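See below for the structure under consideration.
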Amino acid sequence: MKALQDQLVIYNSLKGQKEPFIPRTSGKVGMYVCGPTLYSEPHMGNMRTFINFDLIYRYLLHLGFDVKYVRNITDAGHITNSAGQEVDSIGAAAKAEQLQSLEVVYKYAVKFQELQRIYNLLPPSIEPTATQHIQEQIEIIEQIIANGYAYQVNGSVYFDTRRYMQDYHYGILSGRKVDELENETRNLNAQDEKRFFADFALWKKANPADMQIWRSPWGNGNPGWHIECTAMSTKYLGKEFDIHGGGMDLKFPHHEDEIAQSCGSFGCNPARYWMHANMLNVNGQKMSKSFGNYFLPKQILDGTTGLFDKAYSANVVRFFMMQAHYRSNLDFTQEALNAAEKGYSRLVEGIKTVQNLPASTSSFDVDSLIGSFYGAMNDDFNAPILVAQLFDAVRQINLIKDGKAHISADDQKKLQEAMEVFVYDILGLSPESPNTENRLTPVMDLVLELRQQARTNKDWTTSDQIRDGLAKAGIIVKDQKDGATWS
RNA sequence: GGUCUCAUGGCCGAGCGGUUAGGCACCGGUCUGCAAAACCGUCUACAGCGGUUCGAAUCCGCUUGAGACCUCCA
């Protein structure tokens with residue numbers, strides 16, 4: 001596995017190019033991914049990011065890396081809106097639902113856990129929350145102040161971007177140039193406390209209406225939005241670690257500011273590799289709460305999104321996402337989902353078929369095919385290429401079944417194992433369960449047996465009557481060479 | 001308004017200078033009492049206009065269109 005580890009190439013947003021992945025400590029990976037803000041149930045677009053990083057996590061594990069995967073939960077809601085005013089999204093949701101802030105967070109944390117199970121996400125090594133790390137955040141802010149990169153005003157603390165720019169490169173990740181930013185920023189009002197428009201809050205003085213307030217050396221208040229990630233990544237992974245991930249929309253300002261905070265306090269960029277997952281689109285536009293074009297992960301399972309006329313399983317949704325690269329936009333459409341549903345079923349059937357192939361001598365290069373699986377994933381986790389290679393394997397498997405190709409017993413075993421590993425362990429899919437009632441099974445066995453008798457007697461009227469009647473009940477009979485099946 | 005990204009066959013999507021990616025749909029075939037299902041095969045597209053090159057979807061320029069970020073966002 002070490003040889004395969006050495007072949008892994010990752011696209012580093014910090015450099016804007018693919019680079020060989022060299023962990024700080026050989027064989028070990030520290031990975032931090034920005035998790036959800038739990039003021040509402042995560043929508044499908046949010047889930048795409050987590051599913052993509054789950055894929056990355058799974059593949060790193062498969063390569064034998066000892067991975068420490070930290071994904072935070074934002075449960076302190078202070079953020080700044082366009083007018084420079086503080087908005088407590090969690091507090092607002094709490095008021096709307098007449099709940100206390102942590103009650104809101106807990107409610108959605110439970111839902112998020114459930115979604116992770118449904119969509120087959122491996123649990124991270126740890127999911128720390130912002131409110132449990134207020135002290136750590138305060139300590140880092142103190143360090144930034146001590147280093148001269150922050151100042152306090154009226155019980156609030158701001159990051160001193162101009163001072164920082166004398167020593168470091170603000171914009172190293174996002175490519176933004178602060179001098180240009182100033183003229184381009186649309187709203188320049190309500191920033192009286194800041195010395196400079198690009199300064200951002202590290203600590204905000206409490207507002208009497210706030211539902212969550214903490215003590216600090218600067219008085220009662222709330223941590224700024226960006227500092228929690230710096231505090232938690234540092235605590236669990238150290239001042240420098242390997243991979244920092246998150247959605248593309250967090251690149252600026254959130255991740256840029258994280259880098260500034262780490263440099264401002266510890267003098268180093270926290271992560272060597274920055275990875276950004278792209279957005280999920282609906283009708284060509286980013287799915288988001290504010291656009292209102294979002295739906296919930298459970299709605300697609302229930303068929304209640306209002307966008308599609310049927311339901312899709314979590315496996316199909318996940319497989320659909322695996323057919324697009326994590327750095328690409330992905331359009332959610334019914335036709336594409338239907339394609340994924342059929343394609344996935346074909347893939348799973350192929351894996352079942354490979355288990356019972358006649359042994360012979362191989363008519364194609366199985367090692368090379370399996371090597372292409374690794375080649376795809378080692379190239380910046382290119383799951384769509386992997387899927388294409390898997391379908392190549394399925395085609396070969398079906399040809400063998402039809403006697404048009406051959407495989408040796410050894411190769412059969414290798415191929416079966418590789419396909420199961422890549423589809424189930426790495427892509428994180430699972431065989432679709434028929435999900436039928438146990439009581440129905442013997443009944444259907446009986447019905448199909450009766451129909452088979454009718455067919456044997458060439459009583460097509462009766463046999464078709466049974467088939468059509470079942471179809472009306474939503475049960476499709478499939479006549480196969482060795483008997484009929486139903487679904 | 002600024003910065004950046006993207007435009008691939010009916011749909012979704014790989015692709016990073018030279019080989020038909022792949023899935024679905026369509027069409028043809030195998031199988032079948034018929035149908036469905038399943039399987040096999042076919043379908044050679046790269047927004048437009050120029051340029052570089054022996055060779056461009058792939059590099060450069062312009063035009064058109066779409067999106068992201070600049071404000072909470074995965």
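Labels below follow one simple rule: chain letters A, B, ... track the order of the sequence lines, proteins then strands, and each chain is numbered from 1. Because the structure is predicted, anything quoted here is derived from the model rather than measured.
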Just to be sure I understand the rule, does [X] reach a base, reach only the sugar-phosphate, or reach nothing, if contact means heavy atoms closer than 4.0 Å?
X	result
A/Ala277	nothing
A/Asp479	base
A/Met47	nothing
A/Pro253	sugar-phosphate
A/Tyr294	nothing
A/Gln285	sugar-phosphate
A/Phe53	nothing
A/Gly175	nothing
A/Gly246	sugar-phosphate

Integer-rounded Å distance: [N] [atom2] and [X] [atom1]:
X	N	atom1	atom2	answer
A/Leu330	B/rG67	CG	P	17 Å
A/Asn382	B/rA14	CG	P	8 Å
A/Asn72	B/rA74	CG	P	10 Å
A/Gln116	B/rA74	CD	C1'	13 Å
A/Asn278	B/rG13	CG	C1'	13 Å
A/Asn329	B/rC11	CG	P	17 Å
A/Phe319	B/rC12	CZ	C1'	11 Å
A/His325	B/rU8	NE2	P	18 Å

Problem - Donor on one side chain, acceptor on other, A/Tyr59 and A/Asn378, under 3.5 Å - result: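 Yes, A/Asn378 and A/Tyr59 have a side-chain donor paired with an acceptor closer than 3.5 Å.
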Exercise for the section: Using distance alone, with no hydrogens and no angle criterion, decide if A/His133 and A/Tyr236 have a side-chain donor and acceptor under 3.5 Å apart. Expected result: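 Distance-only check passes for A/His133 and A/Tyr236.
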Considering Watson-Crick and G-U wobble pairs with both distances under 3.5 Å, what does [N] pair with?
N	value
B/rC39	B/rG29
B/rU19	none
B/rU5	B/rA66
B/rC34	none

Separation of the [atom1] atoms in [N] and [M], to the nearest angstrom:
N	M	atom1	answer
B/rA7	B/rA45	C1'	13 Å
B/rG2	B/rC16	C1'	29 Å
B/rC6	B/rG15	P	12 Å
B/rC49	B/rA57	P	13 Å
B/rA25	B/rC11	C1'	7 Å
B/rC69	B/rU8	C1'	25 Å
B/rA37	B/rU30	C1'	13 Å
B/rU42	B/rG22	P	10 Å

Can you tell me which nucleotide in [options] comes closest to the side chain of [X]?
X	options	result
A/Ala388	B/rA74, B/rA68, B/rG22	B/rG22
A/Arg395	B/rA14, B/rG41, B/rA25	B/rG41
A/Ser463	B/rG33, B/rA14, B/rC34	B/rG33
A/Arg176	B/rG13, B/rU32, B/rC69	B/rC69
A/Leu250	B/rA74, B/rC24, B/rC69	B/rA74
A/Gln323	B/rG22, B/rC70, B/rA74	B/rG22
A/Arg451	B/rG33, B/rA68, B/rA14	B/rG33
A/Asp331	B/rC12, B/rC40, B/rA74	B/rC12
A/Glu335	B/rC39, B/rC16, B/rC11	B/rC11
A/Asn398	B/rC40, B/rA14, B/rG22	B/rC40

Practice task
Measure across A/Met377 and A/Leu55 and return the closest heavy-atom pair with its distance rounded to 0.1 Å.
Solution key: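 Of all heavy-atom pairs spanning A/Met377 and A/Leu55, the closest is CE-CD1, 3.8 Å.
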Handout entry: No-H, no-angle donor-acceptor pair, A/Arg346 side chain to B/rA38 base, under 3.5 Å
Key =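 No pair found.
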Practice task
Ignoring hydrogens and angles, answer whether the base of B/rA35 and the side-chain atoms of A/Asp464 contain a donor-acceptor pair closer than 3.5 Å.
Solution key: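 Check fails, no donor-acceptor contact within cut-off.
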Practice task
Would you tell me if any nitrogen or oxygen in the side chain of A/Ser328 comes within less than 4.0 Å of OP1 or OP2 on B/rA14?
Solution key: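 True: A/Ser328 side-chain N/O within range (under 4.0 Å) of B/rA14 OP1/OP2.
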Exercise for the section: Indicate whether OP1 or OP2 belonging to B/rA25 is found under 4.0 Å from a side-chain N or O atom of A/Lys342. Expected result: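 Affirmative; the distance criterion is met.
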Practice task
Applying ring-ring contact (aromatic ring centres under 6.0 Å, His included) between A/Phe50 and each of A/Tyr57, A/Tyr119, A/Phe112, report the one that passes.
Solution key: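 Between A/Phe50 and the candidates, ring-ring contact (aromatic ring centres under 6.0 Å, His included) is satisfied uniquely by A/Phe112.
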Handout entry: A/Phe422/A/Tyr374 aromatic ring centres below 6.0 Å
Key =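 Yes: the rings meet the under 6.0 Å criterion.
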Practice task
Determine, answering yes or no, if A/Trp460 is stacked on B/rG33 under the 5.5 Å centre rule and the 30° plane rule.
Solution key: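 By the stated criterion, A/Trp460 and B/rG33 stack.
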Handout entry: Contact nearer the 5' end of RNA chain B, comparing A/Asp379 with A/Met287
Key =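 Result: A/Asp379.
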Handout entry: 5' priority, RNA chain B, between A/Lys401 and A/Arg327 [closest heavy atom]
Key =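 Final value for this comparison: A/Arg327.
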Handout entry: Six-ring centre of A/Phe252, A/Arg176 cation under 6.0 angstrom, axis tolerance 45°
Key =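 Relative to the ring axis of A/Phe252, which defines the angle, A/Arg176 lies inside both limits.
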Practice task
To the nearest 0.5 angstrom, please state how far the OG1 atom of A/Thr353 sits from the CD atom of A/Gln396.
Solution key: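 That separation rounds to 13.5 Å.
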Exercise for the section: In plain terms, say whether A/Asp468 and A/Lys472 are close enough for a salt bridge, that is, a side-chain N and a carboxylate O under 4.0 Å apart. Expected result: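 Looking at A/Asp468 and A/Lys472, the cut-off is not met.
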Practice task
Measure the acute angle between the ring planes of A/Tyr326 and A/Phe53, then classify it against the limits of 30° and 60° as parallel, tilted or perpendicular.
Solution key: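 The rings of A/Tyr326 and A/Phe53 sit tilted, inter-plane angle from 30° to 60°.
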